[in-house]
Protein chains: 2
Amino acid sequence: MDTKELGSTESAILNSAKEIFERKGMAAARMQEIADEAGINKAMLHYYYRSKQLLFEAVFKSAFSMLAPQINGIINAETSLFEKIINFSNNYVLFVLKHPYLPNFIIQELNRNPDFVKQIVAEKNFPNISKFKQQVDEEVKKGVIRPIKAEQLFINIMSLNIFPFIGSQLLKGLVNVNDEAYKQLMEERKTEIADFIINSIKLK
Amino acid sequence: MDTKELGSTESAILNSAKEIFERKGMAAARMQEIADEAGINKAMLHYYYRSKQLLFEAVFKSAFSMLAPQINGIINAETSLFEKIINFSNNYVLFVLKHPYLPNFIIQELNRNPDFVKQIVAEKNFPNISKFKQQVDEEVKKGVIRPIKAEQLFINIMSLNIFPFIGSQLLKGLVNVNDEAYKQLMEERKTEIADFIINSIKLK
DNA sequence: GTTTAGTTTAACCAAATGGTTGACAAACTT
DNA sequence: AAGTTTGTCAACCATTTGGTTAAACTAAAC
């Protein structure tokens, strides 16, 4: 596949590995397939990354470091609570269009390997909702929004944004629409989600 | 493992296969492990189910037939819209406590194999939201709830209920709570979700 | 021009894995 | 009771798979 210089072989491997791992998951991914995708010999994978496990971890960390700023940047921005909700919903849809398999990959592998969470959480760039929490508590106290735990609100925001993509196959079936119509629904959600949330919490 | 008579070996296999497949997914599951779990010889798996693929399909269909009534029964009940929302949120949490890996398994394998959806949708007991849709449209027209597409409301309900379990590892990390505290949050959601939704759509 | 260090490949290997076979036993059938 | 079907198992098989190795190639250093 394409590379973008920088130890071209090494980054070609990482790119191909990302593609295969994200689409198939650790267990179903094949080293040979990654090598083929990168257009290089299988031995190169081990030359640069030692083992499947280590290659996987490199991919996972790289993937997580794409998602984290997405969450962090918006949740901890210097904007009002409502703006955060609007921005997140809007941006997340755009993000997923660029990386369709990424969120599912992360969630899946995190479930398969719960200990992994601890490693990741320990890292410096791991998102932190403390600022968001403080903001929510304030708005509740000021009577701008109805009483709600910041944790629950955060889970709601994440759920409404992430699940429609992860559960897309199931939802397509249940809602009984084709790919095109579902894509249209997702498009609408860029504003629908924020409306839905703000309507729920805002005290007029 | 335990069996519950009825061709004891065959059902022992299915039970063990469910357990392993749901926890590890198709790709990572091992036939030997399923046999061990069932306390029988590996050849028996093939005697009763021919191949890994067929055993997997049996498990998947069985799993889906547990989830479907959960959705169907409530969404198409003879109750008011608000009652449906309340009942679903309440029941779903109880369901997941009994079958922790099931929803994730279904969504995961459906993603991995999108063609599978068509097969499943064709079956008679596949949930259908037409009644729910009609109900939502009516309530909008009557001015009981604000204007919202039934499909979007449905997706919101599903997202708010299902995602917190599927993404539990990620959310635990982001919200920064331990297993115990997270379980507590899930407990609260039995009522929190319905409140959140109804607050959003209800016109006073 | 030779050495040297890093890079790449074809061929190979051992373990794991899904699946098969043939013997054997238990349960029906007649 | 003899024969037939059904269920069960240990051993086996072919293929796949992650991983290794030794030799060949490349390009910079001397």
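Naming convention: chains lettered A, B, ... in sequence-line order (proteins, then strands); numbering from 1 in each chain.
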Presence of salt bridge, [Y] and [X], under 4.0 angstrom:
| X | Y | answer |
| --- | --- | --- |
| A/Glu33 | A/Lys24 | yes |
| A/Arg23 | A/Glu19 | yes |
| A/Glu78 | A/Lys131 | yes |

Under 4.0 Å, counting only non-hydrogen atoms across every strand here, what does B/Tyr48 touch: a base, just sugar-phosphate, or nothing?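 B/Tyr48: backbone/sugar contact only, no base atoms under 4.0 Å.
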Is A/Met31 touching bases, backbone alone, or none of the nucleic acid, heavy atoms closer than 4.0 Å?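 If one applies the 4.0 Å heavy-atom cut-off, A/Met31 turns out to touch the sugar-phosphate alone, with no base involved.
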Nearest-Å distance, [atom1] ([X]) to [atom2] ([N])?
| X | N | atom1 | atom2 | value |
| --- | --- | --- | --- | --- |
| A/Ile20 | D/dT17 | CD1 | C1' | 15 Å |
| B/Glu10 | D/dT8 | CD | P | 10 Å |
| B/Ile40 | C/dA25 | CD1 | P | 20 Å |
| B/Asp36 | D/dA10 | CG | C1' | 14 Å |
| B/Tyr47 | C/dA26 | OH | P | 16 Å |
| A/Leu45 | D/dG19 | CG | C1' | 11 Å |
| B/Arg50 | C/dT21 | CZ | P | 12 Å |
| B/His46 | D/dC9 | NE2 | P | 15 Å |

Which comes earlier along DNA chain C counting from the 5' end, the contact point of A/Lys42 or that of B/Ala29, where each point is its nearest nucleotide?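 Residue closer to the 5' terminus by nearest nucleotide: A/Lys42.
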State whether a side-chain donor-acceptor pair under 3.5 Å links A/Asn76 with A/Asn72.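 The criterion, which ignores hydrogens and geometry beyond distance, is satisfied for A/Asn72 and A/Asn76.
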Please pick, from D/dC9, D/dG18, C/dG18, the nucleotide with the shortest atom-to-atom distance to any side-chain atom of A/Lys52.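 In terms of side-chain proximity for A/Lys52, the closest of D/dC9, D/dG18, C/dG18 is D/dG18.
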As a test of reading the structure: which of D/dG18, C/dT8, C/dT9 is closest to the side chain of A/Arg30, going by heavy atoms?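 It is D/dG18.
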Determine whether the aromatic ring centres of B/Phe56 and B/Phe21 lie less than 6.0 Å apart.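 So the answer is yes for these two rings.
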Using the closest heavy atom to pick a nucleotide of DNA chain D for each, name whichever of A/Ala43 or A/Gln32 lands nearer the 5' end.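 Going by which nucleotide is closer to the 5' end, it is A/Gln32.
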Hey, does the side chain of B/Thr9 come within less than 4.0 Å of D/dT8's phosphate (OP1/OP2), counting only N and O?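 For D/dT8, OP1/OP2 do have a side-chain N/O of B/Thr9 under 4.0 Å.
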